[in-house]
Structures are given as C-alpha cells and as structure tokens.
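Working notes, beginning with the structure itself.
Proteins come first, then strands; the chains are lettered A, B, ... in the order of their sequence lines, and each starts at number 1.
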Amino acid sequence: DTAVSQTPKYLVTQMGNDKSIKCEQNLGHDTMYWYKQDSKKFLKIMFSYNNKELIINETVPNRFSPKSPDKAHLNLHINSLELGDSAVYFCASRYRAGGSETQYFGPGTRLLVL
Amino acid sequence: SQKIEQNSEALNIQEGKTATLTCNYTNYSPAYLQWYRQDPGRGPVFLLLIRENEKEKRKERLKVTFDTTLKQSLFHITASQPADSATYLCALDVPISSGSARQLTFGSGTQLTVLP
C-alpha cells in the first residue's frame with residue numbers, strides 16, 4: 001500500500017563511486033520530485049518531472065542526473081560521489097504540476113559517502 | 001530571492017498547552033501555504049493547506065492562520081500531547097518560472113517537543 005517508495009533506504013559508499021536511487025509512486029500522480037535534506041534538516045528541491053518531462057532543474061551539480069522512464073518512476077543517478085553529497089534524499093509526488101495539491105513523500109534514502 | 005523563515009529551531013512546551021509555530025516569508029506572494037510534519041527517519045507528511053484568501057483553517061486540534069499583509073503564517077496545536085513531538089515544516093506553493101507548474105519551497109522547520 002506504500003504510496004511513494006524509494007530504494008535503497010540506506011546507501012553507504014566510497015567517494016568517487018557512482019550510485020542510483022530509485023523511486024516509484026502508485027498514486028497515479030503526474031508529477032514527481034527529488035529533494036535533498038541536509039544535516040540541518042533543510043529540504044531543498046533538486047528536480048521535478050511532469051509526465052516524464054523535466055520541469056524543474058535547480059542549481060545542482062551535473063553529477064546528478066534524474067531519469068523518468070514513465071510517470072510512475074523517477075530515478076536519481078549520482079556520478080563521482082563526493083563527501084558533501086551525504087544527506088537524505090526524498091522523492092515526492094503530486095497529482096498535477098500546476099495544482100495546489102499536497103505532495104506525498106517517500107521514506108527517504110540516507111546516503112553516506114566515506 | 002525568496003526567503004522562508006521558521007522563527008524557532010526548537011520549541012519545548014508542557015503537555016496540554018498550545019504550541020504556536022511561526023513561518024515568515026519575504027519576496028513572495030504565494031497563493032497557498034502548506035504545513036507538514038516530519039518524524040525522525042521519515043518523510044514529511046502533509047497536515048494543512050491554506051489559501052491566500054483564507055484567514056484561518058482548522059483540522060481537529062490544528063489551526064493555521066495566514067496573514068498575507070504580514071507575510072506570516074501561524075501554526076497552532078491545542079491541547080498538545082507528547083505524540084505531537086516532531087519537526088514541523090512550512091512550505092510556500094509558488095509557480096515556477098516556466099509554464100503553469102508549481103513547486104513547494106520549504107522552511108527549515110521547527111522541532112517541537114511536548115513534555116509530559
């Protein structure tokens with residue numbers, strides 16, 4: 001019954017590695033997001049896709065590349081991981097990109113780069 | 001640029017009292033403002049949404065006010081309980097620069113602890 005799911009929940013890796021985080025929503029929503037939450041709990045938007053089209057692309061290093069194979073999935077690939085990438089990454093979805101509806105968040109992926 | 005501030009990083013109150021959290025914003029005219037709750041190790045969960053033409057919204061023990069002149073929202077939890085302890089985030093719902101899409105911009109949150 002999980003509305004927005006993410007895998008993996010925890011990710012510990014070495015600097016310089018490449019890793020991916022996957023997200024799936026079963027709510028039938030058109031829009032999906034990636035957020036980064038740092039150690040001070042600040043939640044910052046990174047990307048958003050609406051019906052597989054990139055609509056928000058905030059100032060994020062180009063080592064981060066989102067990919068949406070269909071509107072129920074939004075993955076995040078990170079190349080050449082750095083220490084500063086350590087954070088919690090949340091996926092979220094929303095019914096429509098232009099509506100006022102709430103966002104539903106996944107449980108988060110805790111990334112630790114050593 | 002847009003700025004959202006939640007005045008208290010942490011707030012401790014006694015059980016049974018009313019908790020009041022503040023969210024201020026600048027350089028903005030949001031159409032909507034939302035409040036979320038985040039428990040440790042979990043994603044944020046939606047609580048309430050208030051529109052710019054609404055002064056107040058209630059849901060059970062929760063109440064949100066929205067003053068577009070002061071650019072401020074207040075979030076109240078009445079008869080607080082230890083189970084209300086969590087981080088509360090306000091978020092402004094604003095259009096992005098292109099098209100009709102909107103995005104949420106979050107404040108840094110207030111960690112509420114309700115003491116028994």
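- Put simply, the side chain of A/Gln37 reaches to within 4.5 Å of the side chain of B/Gln38, judged on heavy atoms.
- In this structure, the portions of A/Leu43 lying under 4.5 Å from any heavy atom of chain B include both its backbone and its side chain.
- There is no contact between A/Tyr104 and chain B, counting heavy-atom distances below 4.5 Å.
- If you chain together hydrophobic residues whose side chains sit under 4.5 Å apart, A/Tyr95 and B/Val45 never meet in one group.
- In this structure, A/Phe42 and B/Phe106 approach most closely via the heavy-atom pair CE1-O, 3.4 Å.
- Atom CD of B/Glu9 has 12 or fewer neighbouring heavy atoms from other residues, nucleotides or ligands inside a 6.0 Å radius.
- Around CD of B/Glu60, the count of heavy atoms belonging to other residues, nucleotides or ligands within 6.0 Å does not exceed 12.
- Of the listed residues (B/Gly109, B/Gly43, B/Ala91), the greatest number of heavy-atom pairs within a distance under 4.5 Å of chain A belongs to B/Gly43.
- By the 4.5 Å heavy-atom criterion applied to side chains, A/Phe90 and B/Pro44 are counted as neighbours.
- Note: B/Phe46 CZ to A/Arg94 CZ = 10.0 Å, rounded to the nearest 0.5 Å.
- Criterion: ILVMFWY side-chain heavy atoms under 4.5 Å apart, direct or through other members. Under it, A/Ile56 and A/Met46 are not part of a common hydrophobic cluster.
- Hydrophobic clustering keeps A/Leu76 apart from A/Val12 (ILVMFWY residues linked when any side-chain heavy atoms are closer than 4.5 Å, directly or through intermediates).
- When atom types are taken as modelled, the side chain of A/Tyr33 and the backbone of B/Gln103 share no donor-acceptor pair closer than 3.5 angstrom.
- No single ILVMFWY cluster, assembled from side-chain heavy atoms under 4.5 Å apart, contains both A/Phe64 and A/Leu112.
- Atom-to-atom distance recorded for B/Thr87:OG1 and A/Lys41:NZ is 6.5 Å, nearest 0.5 angstrom.
- More than 12 heavy atoms of other residues, nucleotides or ligands sit less than 6.0 Å from atom CZ of B/Arg61.
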